[in-house]
Amino acid sequence: MARERGLSQSLFWLCVAYAGSNSVSKLALDYVSIPTQIVFKSCKLVAVMIGSTFILKRTYSLFEYAIACGLVIGMACFAAADLKGEAAAAEASHARMLFGLVLLVGSLFCDSVLGNLQELVQKGNVCHETELMYVQSLFSGLVLFVWTALSGELSASVALCVTSVRSA
């Protein structure tokens, strides 16, 4: 019973991580460029390594840690060059980009939790892979629906659709 409850809690946090990973990375696009988002998301390996060290108690070789450090250094250099490229921009633009980078790091954190909890849930035979993907997607869709409704984006998009249909 306690094992099932623990796996059910893992499934809940897995759904939260899935929703966070998807929504936070898309939100970051309001603050950073698409190439910056792609570079950060391509460094998901580092986040998953860190997460699996804590969640699954995995260890990695010194070589694997060196490669991960190289990825982090490359990611930091890219972000610094992107910031420097906007040298003519105002300080507010730099603050916006830094906030976007923080959002991307948060998205990577969610990716780390997501991948490792997926493995944990599948090893616990809580549900089939198809059911897992369905539950994750349904939960994420509900979270995004609520978010767009609360932010006003849902009503604005519905109004735009109604206006488009009437004018057609």
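What you see is a predicted model, and the numbers here were worked out from it, not measured in a lab. All residue numbers refer to positions in the sequence shown, counting from 1.
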(message) Looking at Y134, I want to see if its OH is surrounded by more than 12 non-hydrogen atoms of other residues, nucleotides or ligands under 6.0 Å.
(response)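 Atom OH in Y134 is not packed in, count stays at 12 or less.
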
(message) Are there over 12 heavy-atom neighbours, none belonging to L160, within less than 6.0 Å of that residue's CG?
(response)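 Enclosed.
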
(request) Among Ile, Leu, Val, Met, Phe, Trp and Tyr joined by side-chain contacts under 4.5 Å, find the other residues sharing a cluster with I34 and list them by chain and number. (result) L29, I38

(message) Restricting to non-hydrogen atoms, name the atom on N22 and the atom on S140 that form the minimum distance, rounded to 0.1 Å.
(response) ND2-OG, 3.8 Å

(request) Not counting sequence neighbours, which residues clear salt bridge (Lys or Arg N to Asp or Glu O under 4.0 Å) with E64? List them please. (result)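 Residues passing salt bridge (Lys or Arg N to Asp or Glu O under 4.0 Å) with E64: none at all.
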
(message) Test of understanding: with salt bridge (Lys or Arg N to Asp or Glu O under 4.0 Å), list the residues that count as partners of K41, not counting sequence neighbours.
(response)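 Result, salt bridge (Lys or Arg N to Asp or Glu O under 4.0 Å) vs K41: D111.
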
(request) Only counting residues at least two apart or in another chain, list the ones meeting ring pair (Phe, Tyr, Trp, His ring centres under 6.0 Å) with F109. (result) none

(message) Tell me every residue that passes ring pair (Phe, Tyr, Trp, His ring centres under 6.0 Å) with F145, counting only those two or more places apart in sequence or in another chain.
(response) none

(request) Dump the intermediate steps for side-chain hydrogen bond (donor to acceptor under 3.5 Å, both in side chains) on S52 and Y60, then the final yes or no. (result) CA-CA 10 Å; S52 66; Y60 296 94; 2.4 Å; yes

(message) I'd like to check V32 versus F40 (side-chain heavy atoms, cut-off strictly below 4.5 Å). Are they in contact?
(response) no

(message) Nearest 0.5 angstrom please: L104 CG to M75 CE, how far?
(response)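 With rounding to 0.5 Å, CG (L104) is 9.0 Å from CE (M75).
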
(request) State which residues pass side chain to side chain contact (heavy atoms under 4.5 Å, CB included) with V135; sequence neighbours excluded, sorted by chain then number. (result)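 Here the qualifying residues are C15.
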
